[in-house]
Each structure stands twice: as structure tokens, then as C-alpha cells.
Amino acid sequence: MTPDPTTTPTDPGASGGVVADTTPAQLEQALAAAAAAAPAFGSSEPAVRAGWIRAVADALDAASGELVPIAMRESSLPEARLTGEVARSTGQLRMFADALQEGSLLEVTIDTKDPQAKPVPRPDLRRVLVPLGPVLVFAASNFPFAFSVCGGDTASALAAGCPVIVKAHPGHPELSARTAQVMIDALKQAGAPDGTFGLIAGFDVGVTALKDPRITAAGFTGSVPAGKALHEIAVTRPEPIPFYGELGSLNPVFVTQAAVDARGNDIATGYVGSFTLGVGQFCTKPGLLFLPSGHGLQDQLVEAVGGVAQAPMLNDRIKDGFTSGLDRLEKVDGVRVWSTATASGAAGTPAATLLQTTVPELLARRDEILEECFGPVSIVVEYNGPDELAKAIEAFDGNLTATLHAEDSDADLARELLPKLTARAGRVLWNGWPTGVAVSWAQHHGGPFPSTVGSIHTSVGVTAARRFQRPVAYQDAPDAVLPDVLKDSNPAGITRRVNGTVTTDEVTR
């Protein structure tokens, strides 16, 4: 790979996939390039910037045949899963480009001058969202495309008008370097400013970059300890910056007796499929399933888990963390092993495991049981009656998701439980499973702490770009000096809210 001031120079072929840590000089080059690119990139016309983003999506699709085999080798994930992940990543890039060009991403709002307004005359006010500046993204390990170099944080920050520097995840270094080069080449060929995108590598390098005053915001997906440590750095800088961290989630699922009676077998099958999907390495894996005592589903659950094929985890560090976490859970008083997968698999791969306890035992050992174990393990918790079910919900801290399986006859109970679930989760599901996060306008992927450190924002969906923007209002500014998106004539043809009405029409002063 040719050394470039916006990425870490490496030679993956010669180094066997090992990417050297970014040197201080290279980091300074990347930071300086991003800062230099910020004014031009941030002020680019929506349609122009959208074109640059679509060029990245096209280039990644074209390189999929090269990138997927690298990802398979570094992550142990199957080809079909990774191919789908590339499509998800390029799809969300195009989605952001469409939203940018259409105008909704900028939230342009115009209130024209009204001398007759009461109680005081109203000046001409024109509000728009502007980019913060260079953004640092800490890539995740469990989605080598969708939450890594070309993932949602990168896509949303670029759409917002922010140059991006990604700190590569050590779990897939060669893939990170090659993906970054594809993106850099595409942006350059499309005409984007040099420094619009870059890659750095190394733990200490990421910390140094986070402290640099040229970085204006950061996104992170990873563990609670790492996320808390980085958040502390971000908010205690001389000039604090927003840090959007996704840290951990248990994603509890609560099932009523009526739901068990109506479709218990389907619930058991769906649950096992969800918590073992991707070897349990999804941030939305259901970590606990609450069933009424006497549910009668034990045999089916045990059989289903026993038949789950073993598969390798993303890397040895994650596998070791799962092994130690499972060992810790199995030693908690009141927690019993119900089932362990016996289906054949590669040597040394983890077996899916199902544990069991009760609500009183959970409440007595809340801190021990309600600690996330990343991997293919989940706990069935049995409860006696609606009161215990409500107490179980109240035991949880913040989560990305919370799910209720219920029937129409549970309407009164659901009305009681849903506010409790809403207080503890960013996405509340009805009769579904939390794994699988649709990339859409309405999606919210976030939640109260510790699932994230910014529950008012999402990391998935169009509104994820809002994390990297801030509002500016212009008062009584002449048309000639306003940004094009605020001009009377609306030369970009974007959607705007004018005097309370959404329109693409020109403004009459």
C-alpha cells in the first residue's frame, strides 16, 4: 500500500496481515489533513457530498470479492454473513446520501420576518445543522464492515459533513487497511478534499487522537470498561467533546403465560436461534429470557440448545473472555446449567450454553447475574406472577432493547409493563427478537447507560448523523451571504420547513 497522509502505510501481503501502529508523525499527518479538509468538505453542496458518498458505496461493492475473503480469514465469519454485511454497509451509505440530497438531514427551518408577531415582532430566522468537524471512530470487532471502517459511524459522520479518522480494530487489521484504501481512492477519484477519510492503528494512538483538539467528536462500539475510559478522556479534555459510546446490553425478553400457552414452542425455538446467532456475538443478543413458572418448555429448550453447532468466535481474546465469563456465571449461587451444545464443531470452539435461575435468586445476586457475557450463553429466569415479572424488569439498568412476548388478552398487563421497559431500553419489541437491526429512518439503536453513554442518539438509521452536527440560526442575514440551503430561491431544491410548512418552494420575504 502506498503511504498516504490519511492512512497508516502498511503492506498486508508482506506482513501476513499485521498492520503496524501509526507513528506520531503519521498521526499528525492524518489529523492535519482532516482538519484541512473540514471547511471544504463541510460546506460542500448536499448533492455533491452525496455523490462522494455514493462513490464510496460503489467502490466497496466492486471490491467485495476481494474484501470478503480477507474478512473471513481474520474474523472466522462465514462468507454469506460477510457478503450481506458489505451490502448493509453500502446500503446505509446510499441511504445517508439520499437523505442528504433530499435535505432532511440538514433540518433547514425558516421563519420569515413578521413585524406583527405578538408579543414582540419576529425577526427573519434561518436554522440549519452544520458539521462539528473531524470525527474519530473506534471500529468494532463483531461486524467487520457494518460497525467497522466503513460502518454506520463513518457513514453518518461523512453525511453530516465531517472528515473521519477511523481507529482500526486489532481483530481485523488487514481488512481495515484494505477497506480504508478502497474508500480513500474512491473519495479522491470522486473529487472529495484530501483528508476526508483516514485510518490509524494502535491503542495508544487512538487515545492520543481522542485528546487532540482537532477532533470534535468520537464514536465507539466495544466493552463497558474501555468505553467508560475513553468517555472520561473525551469529557475531561480542555475543550470537552461529545463521545458516543455503545458499551454493553443484556436485551432481556419477557414472556407472559398467555404467550406460552399460545405459541410456546415457537418462542423457545426463536429464542435459541436468536441468542446463538453469530455465535452470540451480536450486541442485541437476548441475554435473559423470563418465563412463567411451570412453562413446560425446558425439554424443548434443552434439546434446541444441544443441537446448536459449535463455531469459532471472532478471535482468541473474545473466546477467552467468553470462557471466563461463562465460568463466572456457572459459579453464581442459584444459577444452574440447563443445556450445553453437543453438536460437532471445530476443535476448541465454544459450546452454546443455557443457564437457569429464578427471579428471587436474580434479585439476591443482581450484580453477578446481570453482567454481560459476550458469546453464546443465555439465562432462563422463571417468575411467579405479574408482581415478580415487574420486579425483574425494575432490576435492569439501561439496555439497547427489551422485548415483550404477549397476547391481545394481556393488554392490561402490557400497559403496566411497557412504561417500565421504555424506561430501560431504546428499542421495545413486541413478539419479536432483538437480533437484526433494520437500517431505516425510524430505527433507534441506543439506550440508557450502560448500553450507551448518550441515550438521546442512535448509531443506526438516518438520524445517527445528528450526533455529528450542531444547529446554527442566522438572524436577519441578507440573502446574498447565506449558505445556499438557506437562500430564498432554494437553489439546491431541498426540503425545508418554512413558517411551519414542509416545502421545496422558494421563500418570499
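No hydrogens, no waters, no symmetry mates; every other heavy atom, side chains included, goes into these values.
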Exercise for review: Say whether, by atom type as modelled, one donor and one acceptor occur between the side chain of Q469 and the main chain of L105 under 3.5 angstrom.
Suggested key: yes

Check your understanding: Any side-chain heavy-atom pair from V207 and L230 closer than 4.5 angstrom?
Key -> yes

Check your understanding: Is the backbone N or O of P448 less than 3.5 Å from a side-chain atom of S451, with the two atoms forming a donor-acceptor pair by type?
Key -> yes

Exercise for review: Starting from the C-alpha separation in whole Å, work towards a yes-or-no answer on side-chain contact (heavy atoms from CB on, under 4.5 Å) for T112 and T508.
Suggested key: CA-CA 8 Å; T112 56; T508 300; over 6 Å; no

Review point. Are L400 and C283 close enough that some pair of their side-chain heavy atoms sits under 4.5 Å apart?
Key: yes

Practice item. May I ask you to decide if the ring planes of F275 and Y271 are parallel, tilted or perpendicular, using 30° and 60° as cut-offs? Key: tilted

Point to revise | Side chain T196, main chain A192, donor-acceptor under 3.5 Å | key: no

Check your understanding: What's the spacing between Q281 CD and I318 CD1 if we round to 0.5 Å?
Key -> 5.5 Å

Check your understanding: How about T463 and T458: does a side-chain donor come under 3.5 Å of a side-chain acceptor?
Key -> no

Practice item. Would you give the length of the straight line joining atom OG1 of T216 to atom CZ of F468, rounded to the nearest 0.5 angstrom? Key: 8.5 Å

Check your understanding: Are more than 12 heavy atoms from other residues, nucleotides or ligands located less than 6.0 Å from atom CZ of R470?
Key -> no

Practice item. Look at the side chain of S44 and the backbone N and O of F41, then say whether any donor-acceptor pair between them is shorter than 3.5 Å. Key: yes

Practice item. Can you run down the salt bridge (charged side-chain N to carboxylate O under 4.0 Å, His left out) pairs that involve residues 146-173, sequence neighbours left out, and say none if there aren't any? Key: D153-R467

Exercise for review: Specify whether F290 and F254 have parallel, tilted or perpendicular ring planes, treating 30° as the upper limit for parallel and 60° as the lower limit for perpendicular.
Suggested key: parallel

Practice item. Examine distances only and state if a side-chain atom of S378 and a backbone atom of P286 form a donor-acceptor pair shorter than 3.5 Å. Key: yes

Check your understanding: So does K487 have more than 12 non-hydrogen atoms from other groups sitting under 6.0 Å from NZ?
Key -> yes

**Study point:** For G161 against P163, the heavy-atom pair lying closest together
**Key:** O-CD, 3.8 Å

**Study point:** Polar contact flag, side-chain donor to acceptor under 3.5 angstrom, N251-T284
**Key:** no

Exercise for review: Begin with the C-alpha distance, continue with both residues' side-chain angles, and end with the deciding distance and a verdict on side-chain contact (heavy atoms from CB on, under 4.5 Å) for C373 and F322.
Suggested key: CA-CA 6 Å; C373 181; F322 167 72; 3.8 Å; yes

Practice item. Report yes or no: does R263 contribute a side-chain atom to a donor-acceptor pair with the main-chain N or O of A259 at less than 3.5 Å? Key: no

Check your understanding: Crowded around Q475 CD? As in, over 12 foreign heavy atoms under 6.0 Å?
Key -> yes

Review point. Taking only residues at least two apart or on different chains, which pairs with a member in residues 42-54 satisfy salt bridge (charged side-chain N to carboxylate O under 4.0 Å, His left out)?
Key: R54-D98

Point to revise | Short side-chain to backbone donor-acceptor contact, R127 and D111, under 3.5 Å | key: no

Practice item. Determine, step by step, whether T256 and L404 satisfy the side-chain contact (heavy atoms from CB on, under 4.5 Å) criterion, reporting the C-alpha distance in whole Å, the side-chain angles of both residues, the deciding distance to 0.1 Å, and the verdict. Key: CA-CA 8 Å; T256 68; L404 180 62; 4.3 Å; yes

Review point. Distance-only, no hydrogens or angles: does the Q443 side chain make a donor-acceptor pair with backbone N or O of S440 under 3.5 Å?
Key: no

Review point. Just wondering, do S223 and F374 contact through their side chains at under 4.5 Å, heavy atoms?
Key: no

Exercise for review: Take the angle between the ring planes of W433 and H405 and call it parallel below 30°, perpendicular above 60°, tilted in between.
Suggested key: tilted

Check your understanding: Which heavy atom of D505 sits nearest a heavy atom of R496, and at what distance?
Key -> O-NH2, 3.6 Å

Revision key, fill the gap. Note: T503 and V498 closest approach over all heavy atoms is CG2-CG2, 3.8 Å

Review point. In terms of heavy-atom contacts, does CD of E79 have more than 12 from other residues, nucleotides or ligands at under 6.0 Å?
Key: no

**Study point:** Residue pair V86, L67: steps toward the side-chain contact (heavy atoms from CB on, under 4.5 Å) verdict
**Key:** CA-CA 9 Å; V86 174; L67 298 175; 5.5 Å; no

Point to revise | Note: R415-D412 ion pair, threshold 4.0 Å (strictly below) | key: yes

Check your understanding: Is it true that E85 and R81 have a side-chain N and a carboxylate O under 4.0 angstrom from each other?
Key -> yes

Check your understanding: Would you say K285's side chain and V377's backbone share a donor-acceptor pair under 3.5 angstrom?
Key -> yes

**Study point:** Heavy-atom pair of closest approach, residues T154 and V149
**Key:** OG1-O, 2.9 Å

Exercise for review: Go through the side-chain N and O atoms of E102 and S104 and say whether any donor and acceptor fall under 3.5 Å apart.
Suggested key: yes

**Study point:** Shortest non-hydrogen contact between D479 and D488, atoms and distance
**Key:** OD1-N, 2.7 Å

Review point. Between T452 and E246, is there a donor-acceptor pair closer than 3.5 Å when you use the side chain of the first and the backbone of the second?
Key: no

Review point. Looking only at heavy atoms, what is the nearest atom pair of P123 and D476, with distance?
Key: CB-OD2, 3.5 Å

